[in-house]
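Reminder, nothing fancy here: chain letters follow the sequence lines and each chain counts from 1.
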Amino acid sequence: MSGIKPRLDKFDISDNTGQHQPTCSLEEKMADRQNGDLASIRHSISHIMAEAVLQMFPEAKIAIGPAIENGFYYDFDLPRALKPEDLTDIEEKMKEIIKGNHDFVKKVISKEVALKLFKSQPFKVELINELPENEEISIYTQNSFTDLCRGPHVANTNELDPGSFKLLSIAGAYWRGDEKNKMLQRIYGTAWKTAKDLRTHLNWLAEVEKRDHRKLGKELDLFSLHEEAGAGLVYWHPKGARIRSTIEDFWRKEHFRDGYELLYTPHIGKSWLWEKSGHLGFYSENMYAPLNIDDQDYYIKPMNCPFHILIYKTAIRSYRDLPLRWAELGTVYRYERSGVLHGLLRVRGFTQDDAHIICTPDQIEDEIRNVLRFSLKIWDAFKFKDIKAYLATRPEGSVGEEARWEQATESLKKAIGKENLEYTIDEGGGAFYGPKIDLKVRDAIGREWQMSTIQFDFNEPERFDMKFMDNDGTEKRPYMVHRALFGSLERFFGVLIENYAGAFPVWIAPVQVMVIPVAHTLDEYAGNLRKQLLEQEIRVEADLSDNRMNAKIRTAQQQKIPYMLIVGEKEEKEGAVSVRTRTGEQKNMMKTEEFIEFIKGKIETKDLI
RNA sequence: GCCCUUGUAGCUCAGUCGGUAGAGCACAACCAUGGUAAGGUUGGGGUCAUCGGUUCGAUUCCGAUCGAGGGCUCCA
């Protein structure tokens with residue numbers, strides 16, 4: 001294994017390292033394409049920001065300031081740390097500059113002139129010296145500011161709307177992203193064509209904040225984290241646990257239906273196992289220090305695969321036994337640097353919805369296709385329709401026979417094709433142990449999340465000498481595929497909370513129905529209704545508190561409970577309920593039996609409400 | 001890990017230019033309460049993250065530690 005540069009995503013089928021940053025919405029992307037000049041607007045505004053910063057700090061050293069998704073940034077080396085209030089001042093100066101109707105003037109200059117011009121700007125000098133010899137060196141000037149720049153820019157600041165940008169945050173960033181370099185101060189901003197576009201984007205950011213799973217997790221009493229007891233470790237409260245158990249039940253049922261078997265394996269294993277699997281060689285920086293038990297080192301598992309392989313090897317497997325589809329909700333622990341921990345989305349302990357498919361070469365294409373179809377079915381149940389595939393192929397320095405890589409990659413391609421999925425090929429982007437498909441799903445507000453992953457593994461079957469007896473009487477090496485659909489239950493839960501903004505579909509909602517009597521005299525009827533619904537396996541509560549009905553409705557609304565059953569004397573007399581949905585719809589005097597059938601239907605079809 | 005910001009009641013936050021703190025929600029008790037998003041009164045609740053320094057006195061000022069939030073990929 002030595003000599004192979006490990007990739008951090010080794011078997012990281014939970015995608016615990018997956019990006020969780022919002023990307024822009026489809027509409028924005030379309031708009032971007034239509035207006036290629038949005039990038040030049042952003043880039044121009046970043047130059048103007050640099051000018052404003054230089055007005056404040058003439059001794060500032062400027063680094064780079066590109067246009068990025070939704071905006072721009074510029075990195076500076078400044079005499080003091082920026083305060084959030086500084087951003088307002090900088091914005092004011094920028095607006096003044098924009099109103100000055102300054103031209104952006106391009107000039108092509110020689111390297112010598114460039115070096116002289118930027119002699120007091122060490123970062124620029126470094127960049128100039130690294131430019132290829134034949135590259136044209138250009139500078140752009142507006143007003144009092146000149147920057148080394150490839151362009152393009154708008155022709156004049158009058159093409160910019162002073163109300164169409166906003167400085168958002170200050171962040172530390174290493175020069176050239178390398179932590180060995182100096183830490184610079186980065187100012188992020190967002191910029192658009194018009195003030196209206198800016199408002200739209202700011203509203204979108206507000207929506208993102210409103211949906212933050214950490215905030216909703218508290219408000220809806222779903223989960224908590226206890227840094228004093230260990231960072232990145234999730235505590236599921238009763239309501240969160242209800243949701244998890246509903247998801248797990250569904251997950252198990254679908255797996256059995258799709259020909260999987262379930263496994264349960266231990267949480268720790270002796271060091272020889274992790275040496276053999278290679279994890280101690282290439283994954284140890286993500287593993288916790290061993291426990292010493294009876295003079296033996298045991299490691300907490302960061303992955304489930306070695307355990308599944310041990311089960312595989314408890315018998316001589318025939319081609320007649322294959323394919324094996326073994327799934328486990330396996331809880332693993334991985335070290336993540338403290339700075340990257342983030343709510344449920346990036347944690348140190350999590351439960352993967354892991355599975356390993358072990359099959360013959362003949363079966364591989366069907367198996368992959370089956371996994372894809374299965375994933376799509378699962379995503380469909382959660383009403384995620386916009387799914388994209390990313391196919392990562394063989395990188396440099398990988399392990400495994402060429403023929404196997406080819407067959408594997410080919411089978412991945414064919415499977416994607418047959419499922420009519422939109423896909424992108426990431427040439428050489430696979431892990432060293434095999435090619436893979438990642439699936440990204442788009443949420444309700446247009447963000448993409450990498451969730452499912454299907455990965456070939458040519459490494460562990462070799463290391464563990466996995467075999468099967470083929471029909472010609474010879475022992476052969478099976479294919480092994482790791483796959484996870486949700487990735488981890490924790491992360492999936494976080495994404496679900498944000499996707500639904502806490503208003504879970506009825507089938508997932510921890511409390512599906514709240515019975516609200518209009519007065520204490522109706523408490524008995526409310527209590528009986530509750531029992532009646534409970535017997536039908538509906539998750540129901542009755543609010544028999546001293547609060548007035550209005551307050552009870554408010555509380556139920558805030559808890560985003562899908563159905564409220566408001567009952568008074570009329571309802572009691574008729575054996576009926578008045579239904580109010582959290583969306584404000586109303587249906588009075590529905591027979592209780594009718595409501596039960598109605599909600600069961602909603603649960604069955606997995607409707608939002 | 002590194003940079004910036006930040007840590008006050010269960011939650012959301014105010015406040016103390018240094019004299020050991022306050023609101024709303026939540027919680028408890030009592031009263032009130034019959035129709036679609038907050039009824040009222042009273043009350044309990046805080047070593048102001050931790051440790052150290054300065055000071056007659058520190059929650060407040062200084063330092064360290066621990067935690068949290070935003071970043072650390074976008075190449076002139």
Side-chain angles (χ1 to χ4, degrees), chain A residues 19 21 39 42-43 46-47 50 62-75 77-78 80-86 114 118 121 123-131 135-140 146-151 168-188 209 212 214-215 218-219 221 224-232 336-343 516-522 545-559 564-572 578-582 584-586 588:
Chain A
Q19 59 115 29
Q21 286 310 306
R42 289 170 177 161
H43 195 182
S46 103
H47 277 214
I62 56 174
I64 58 167
I68 54 172
E69 198 163 42
N70 301 333
F72 59 90
Y73 69 78
Y74 213 113
D75 288 346
D77 185 15
L78 300 174
R80 69 163 171 86
L82 286 170
K83 296 184 293 255
E85 306 89 82
D86 293 327
F118 290 103
Q121 289 293 349
F123 301 115
K124 297 295 177 188
V125 168
E126 190 177 326
L127 292 169
I128 294 166
N129 281 326
E130 286 178 17
L131 285 175
E135 178 122 349
E136 174 185 285
I137 298 181
S138 61
I139 55 172
Y140 275 83
T146 297
D147 200 356
L148 178 72
C149 184
R150 181 191 292 141
L168 295 177
S169 60
I170 305 159
Y174 298 102
W175 167 236
R176 305 196 136 180
D178 185 340
E179 50 188 283
K180 290 188 204 74
N181 289 338
K182 183 162 188 162
M183 170 81 59
L184 306 174
Q185 298 193 66
R186 174 172 296 180
I187 302 176
Y188 279 101
E209 207 179 318
D212 191 316
R214 293 165 301 179
K215 188 169 156 262
K218 246 181 223 170
E219 287 172 7
D221 196 14
S224 58
L225 296 157
H226 300 264
E227 60 271 15
E228 73 279 14
E336 297 282 350
R337 295 192 299 174
S338 63
V340 305
L341 298 176
H342 181 88
I516 299 176
V518 300
H520 277 314
T521 50
L522 279 307
S545 68
D546 284 343
N547 289 318
R548 289 174 63 222
M549 181 204 60
N550 285 349
K552 292 178 183 176
I553 290 174
R554 182 165 192 267
T555 308
Q557 274 304 141
Q558 284 174 333
Q559 287 299 303
M564 283 157 263
L565 300 185
I566 291 146
V567 294
E569 204 179 326
K570 277 183 285 180
E571 285 81 0
E572 184 178 25
S578 282
V579 185
R580 177 195 162 111
T581 68
R582 68 179 165 214
E585 282 155 70
Q586 184 74 29
N588 291 330

Under 4.0 Å protein heavy-atom contact, by nucleotide of nucleotides 34-39 of chain B - B base, S sugar-phosphate only: BBBBBB
What string of B, S and - do you get for nucleotides 42-51 of chain B, 5' to 3', if B is base contact, S is sugar-phosphate-only contact and - is no contact with any protein heavy atom under 4.0 Å? ----------
Show, in sequence, the C-alpha distance, side-chain angles and deciding distance for A:Glu585 and A:Arg580, and conclude whether the side-chain contact (heavy atoms from CB on, under 4.5 Å) test is met. CA-CA 6 Å; A:Glu585 282 155 70; A:Arg580 177 195 162 111; over 6 Å; no
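In plain terms, the two heavy atoms of A:His43 and A:Cys149 that are nearest each other are CE1-SG, 3.3 Å. Between A:Lys124 and A:Asp147, the closest heavy-atom pair is NZ-OD1, 2.8 Å. Shown here for A:Ile64 and A:Trp175, the closest heavy-atom pair between the two residues is CG2-CZ3, 4.2 Å. The two residues A:Ala171 and A:Tyr188 come nearest to each other via the heavy atoms CB-CE1, 4.0 Å.
The ring pair (Phe, Tyr, Trp, His ring centres under 6.0 Å) test applied to A:Tyr140 returns A:His153, not counting sequence neighbours. Residues meeting the side-chain contact (heavy atoms from CB on, under 4.5 Å) test with A:Asp212, sequence neighbours left out: A:Arg214, A:Lys215, A:Glu498. Under the rule for a salt bridge (Lys or Arg N to Asp or Glu O under 4.0 Å), the partners of A:Lys182 that lie at least two apart in sequence or sit in another chain are A:Asp77. Every residue two or more places apart in sequence or in another chain that forms a salt bridge (Lys or Arg N to Asp or Glu O under 4.0 Å) with A:Arg186 is listed here: A:Asp75. With sequence neighbours left out, A:Glu209 forms a salt bridge (Lys or Arg N to Asp or Glu O under 4.0 Å) with no residue at all. For A:Ile128, the side-chain contact (heavy atoms from CB on, under 4.5 Å) criterion is met by A:Lys111, A:Ala114, A:Leu115, A:Phe118, A:Ile137, A:Leu148, not counting sequence neighbours.
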Please tabulate the protein-to-nucleotide N/O contacts below 3.5 Å involving nucleotides 9-13 of chain B, giving atom names and distances.
from: B:U12; atom 1: OP1; to: A:Lys218; atom 2: NZ; distance (Å): 3.1

Identify the pairs formed between an N or O of the protein and an N or O of nucleotides 3-6 of chain B at a distance under 3.5 Å, and give each distance.
from: B:C3; atom 1: O2; to: A:Gly172; atom 2: N; distance (Å): 3.2

Every protein N/O lying under 3.5 Å from an N/O of nucleotides 62-68 of chain B:
from: B:G67; atom 1: O2'; to: A:Glu227; atom 2: OE2; distance (Å): 3.1

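Residues A:Glu219 and A:Gln558 are not in side-chain contact: their nearest non-hydrogen atoms beyond the backbone lie 4.5 Å or more apart. Within the 4.5 Å cutoff, side-chain heavy atoms of A:Glu135 are placed close to those of A:Arg150. Annotation: side chain of A:His520 is in contact with side chain of A:Asp546 (closest heavy-atom distance under 4.5 Å). Between A:Pro66 and A:Phe72, every side-chain heavy-atom pair lies at or beyond the 4.5 Å cut-off. Side-chain contact between A:Val567 and A:Val518 is absent, with no heavy-atom pair separated by less than 4.5 Å.
When the C1' atom is used for both B:G44 and B:C51, the distance is 31 Å, rounded to whole Å. As rounded to the nearest Å, B:G43 and B:C48 have C1' atoms that lie 23 Å from one another. B:U60 and B:U20 are spaced 11 Å apart, taking the C1' atom of each and rounding to whole Å. When the P atom is compared between B:C27 and B:C61, the two are found 35 Å apart, to the nearest whole Å. When the C1' atom is used for both B:U12 and B:G46, the distance is 16 Å, rounded to whole Å. The gap from the P atom of B:C17 to that of B:C62 amounts to 15 Å, rounded to the nearest Å. Taking atom C1' in both B:A9 and B:G19, the straight-line distance is 22 Å, to the nearest Å. Only the P atoms considered, B:U73 is 15 Å distant from B:C3, to the nearest whole Å.
Within 4.0 Å (heavy atoms only), A:Glu135 reaches at least one base atom of the nucleic acid. Nucleic acid contact class of A:Ile516 (heavy atoms, under 4.0 Å, all strands): none. Residue A:Glu136 is in base contact, counting any heavy-atom pair closer than 4.0 Å across all strands shown. At the heavy-atom level, A:Ile139 lies nowhere under 4.0 Å from the strands shown.
A:Ile64 has its CD1 atom 10 Å from the P atom of B:U73, to the nearest Å. Rounded to whole Å, atom P of B:C75 lies 20 Å from atom CD of A:Gln121. The interatomic distance linking A:Asp221 (CG) with B:C27 (C1') rounds to 14 Å, in whole Å. Atom OH of A:Tyr188 is separated from atom C1' of B:C74 by 8 Å (rounded to the nearest Å). Rounded to whole angstrom, the span from the CG atom of A:Asp178 across to the C1' atom of B:G71 amounts to 16 Å. What separates CD1 of A:Ile187 from P of B:C72 is a distance of 15 Å, to the nearest Å. Atom NE2 in A:His43 sits about 12 Å away from atom C1' in B:C74, given to the nearest Å.
Distance CZ/A:Arg42 to CD/A:Glu69: 8.5 Å, rounded to 0.5 Å. Put simply, CG on A:Leu82 and CD on A:Gln185 are 4.5 Å apart, with the number rounded to the nearest 0.5 Å. Atom-to-atom distance recorded for A:Leu184:CG and A:Tyr174:OH is 10.5 Å, nearest 0.5 angstrom.
Listed pair A:Tyr73 / B:U73 fails the phosphate criterion, with no side-chain N or O lying under 4.0 Å from OP1 or OP2.
In this structure a side-chain-to-backbone donor-acceptor pair under 3.5 Å is present from A:Gln121 to A:Ile62.
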Each base of RNA chain B marked ( ) or [ ] if paired in-strand (Watson-Crick or G-U under 3.5 Å), | if paired to another strand and . if unpaired gives (((((((..((((.....[..)))).(((((.......))))).....(((((..]....))))))))))))....
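Between A:Arg186 and A:Gly343, the residue anchored closer to the 5' end of RNA chain B is A:Gly343, taking for each the nucleotide with the nearest heavy atom.
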